[in-house]
Amino acid sequence: MVPMAEFKRIVILTGAGISAESGIDTFRSAGGLWEQHKVEDVATPEGFARDPDLVLGFYDMRRAALAKVEPNPAHVALARLEAEFSGQLLLVTQNVDDLHERGGSKQVLHMHGELKSALCTSCEMRSEWNATMSDRPSCPICKASALRPDVVWFGEMPYQMERIYVALAECDLFVSIGTSGAVYPAAGFVQEARSAGAATLELNLEPSEGSHFFSESRHGKASKLVPEWVAQLLAE
Ligand code: BJW
């Protein structure tokens, strides 16, 4: 691999695996969220239309659980990278938790939305949200009782795709951390970066579905791999 010091424009993609050691369930592992709940019931617009109480309750539970977890050394290491790296860095997360921010990252692009945000289906505005939604509160902006979790469900367009694709086309290193590579468009980012000539690095507990697309893979826990990689990058 090219020496880490050569890189000037880095895009990092994180997934549920980076928050696993903080105590947040991943989706597709044994005992993960999709074993506890049917994905089509809780993570599709059709599921929400069928049974809004179920979906609002599911996200209320996950929002409340955030209060009981803390960022781990992987989140903190990425915040260190943001503070000390002299090149350009874009941190894209598929996670709806706030552990990157609480770990110290200032700029985080949440492509699948955020648990602590509400989306009004009437005025379409997004509002910071720390309370429950299953009690059908009104939108702070238009006052309609039409709030939904500000998360991206299957069949919906993730946030800020244009900005992400521009960064992928311009980056010289793409790093994927703690994601199974099962969900598009994020699963395709490695190929976008590769076709733009970037080096590609996977840091994951095990080989992901797209592992063969990466120029280098390191397997193990994010809390160990990520601080090691950041230290290597900043030392070279
Ligand atoms: C550790 C670890 C440790 C554990 N250390 N690692 C057929 C083909 C291709 C695409 C499609 C298709 N049919 C439909 C689609 C599109 C669909 C899709 O991808 N479906 C797939 C099922 C095939 N995608 C969409 O609908 C998306 N929208 C879309 O495509 O719009 C059109 C478009 C067109 C063109 C350009 C752009 C867009 C929307 C997807 C929305 C996903 N939403 C969810 C829910 C969000 C809200 C919520 O949190 O509830 O997002 S689903 C869920 O999966 C969540 C996650 O962000 C996402 C990814 O999961 P992630 O993070 O990878 O978690 P896991 O559990 O899968 O993996 C964890 C990994 O960590 C594992 O590998 C572990 O080993 C590892 N790990 N412990 C390091 N300690």
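Residue numbers start at 1 and run along the sequence shown. We count ligands from 1, going down the list as the structure has it; atoms in each ligand are counted the same way.
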A.B. asks: For ligand 1, which atoms, with element, lie under 4.0 Å from some heavy atom of Gly15?
C.D. replies: 62 (O)
A.B. asks: Give the numbers and elements of all ligand 1 atoms closer than 4.0 Å to a heavy atom of Val152.
C.D. replies: 41 (C), 42 (C), 43 (N), 44 (C), 45 (C), 46 (C)
A.B. asks: Strictly less than 4.0 Å: does any protein heavy-atom distance to atom 8 (C) of ligand 1 fall in that range?
C.D. replies: no
A.B. asks: Would a 4.5 Å heavy-atom cut-off, applied to side chains only, mark His75 and Glu70 as touching?
C.D. replies: no
A.B. asks: Does the protein place a non-hydrogen atom closer than 4.0 angstrom to atom 4 (C) of ligand 1?
C.D. replies: yes
A.B. asks: Counting heavy atoms only, which of Met161, Glu202, His219, His112 is nearest atom 57 (O) of ligand 1?
C.D. replies: His112
A.B. asks: What I want to find out is whether Arg148 reaches Glu124 closely enough, with some N-O distance under 4.0 Å, to be called a salt bridge.
C.D. replies: no
A.B. asks: For atom 55 (C) of ligand 1, is there a protein heavy atom at a distance under 4.0 Å?
C.D. replies: yes
A.B. asks: Indicate, with yes or no, if the rings of Phe58 and His37 have centres closer together than 6.0 Å.
C.D. replies: yes
A.B. asks: Please work out whether any backbone atom (N, CA, C, O) or any side-chain heavy atom from C-beta onward of Ala182 is under 4.0 Å from ligand 1, and answer side chain, backbone, both or neither.
C.D. replies: backbone
A.B. asks: Heavy atom under 4.0 Å from ligand 1: found in Leu205's side chain, backbone, both, or neither?
C.D. replies: both
A.B. asks: With the threshold set at under 4.0 angstrom, would you say Met111 reaches ligand 1 through any of its heavy atoms?
C.D. replies: no
A.B. asks: Determine if the distance from atom 11 (C) of ligand 1 to the closest protein heavy atom is below 4.0 Å.
C.D. replies: no
A.B. asks: Select the closest option to atom 24 (N) of ligand 1 among Trp34, Phe58, Tyr184, judged by heavy-atom distance.
C.D. replies: Tyr184
A.B. asks: Output yes when a protein non-hydrogen atom is found under 4.0 Å of atom 41 (C) of ligand 1, and no otherwise.
C.D. replies: yes
A.B. asks: List every atom of ligand 1 that sits less than 4.0 Å from any heavy atom of Ala20, numbering the atoms from 1 in the order shown and giving each element.
C.D. replies: 78 (N)
A.B. asks: What part of Val151, side chain from CB on, backbone N/CA/C/O, both or neither, has a heavy atom under 4.0 Å from ligand 1?
C.D. replies: side chain
A.B. asks: Quick one: OG on Ser22 to CZ on Arg102, what's the gap to the nearest 0.5 Å?
C.D. replies: 8.5 Å
A.B. asks: Which one of Tyr59, Trp153, Tyr165, Phe154 has a non-hydrogen atom at the shortest distance from atom 47 (C) of ligand 1?
C.D. replies: Tyr59
A.B. asks: Does some side-chain heavy atom of Leu91 sit less than 4.5 Å from a side-chain heavy atom of Thr14?
C.D. replies: yes
A.B. asks: Protein heavy atoms: any of them under 4.0 Å from atom 16 (C) of ligand 1?
C.D. replies: no
A.B. asks: Could you check whether any side-chain heavy atom of Arg28 comes within less than 4.5 Å of a side-chain heavy atom of Trp34, counting everything from C-beta outward?
C.D. replies: yes
A.B. asks: Side-chain contact test, heavy atoms from C-beta onward, threshold under 4.5 Å: evaluate it for Glu6 versus Asp172 and give yes or no.
C.D. replies: no
A.B. asks: Give the atoms of ligand 1, by number and element, whose distance to some non-hydrogen atom of Pro158 is under 4.0 Å.
C.D. replies: 28 (N), 31 (O), 38 (C)
A.B. asks: Given side chains that start at C-beta, do those of Ile10 and Phe85 come closer than 4.5 Å, heavy atoms only?
C.D. replies: yes
A.B. asks: Based purely on interatomic distance, does Glu21 place a nitrogen or oxygen under 3.5 Å from a nitrogen or oxygen of ligand 1?
C.D. replies: yes
A.B. asks: Are Val226 and Leu203 side-chain neighbours, meaning at least one heavy-atom pair lies under 4.5 Å?
C.D. replies: yes
A.B. asks: Decide yes or no for Asn204 and Thr179: does some side-chain heavy atom of the first lie under 4.5 Å from some side-chain heavy atom of the second?
C.D. replies: no
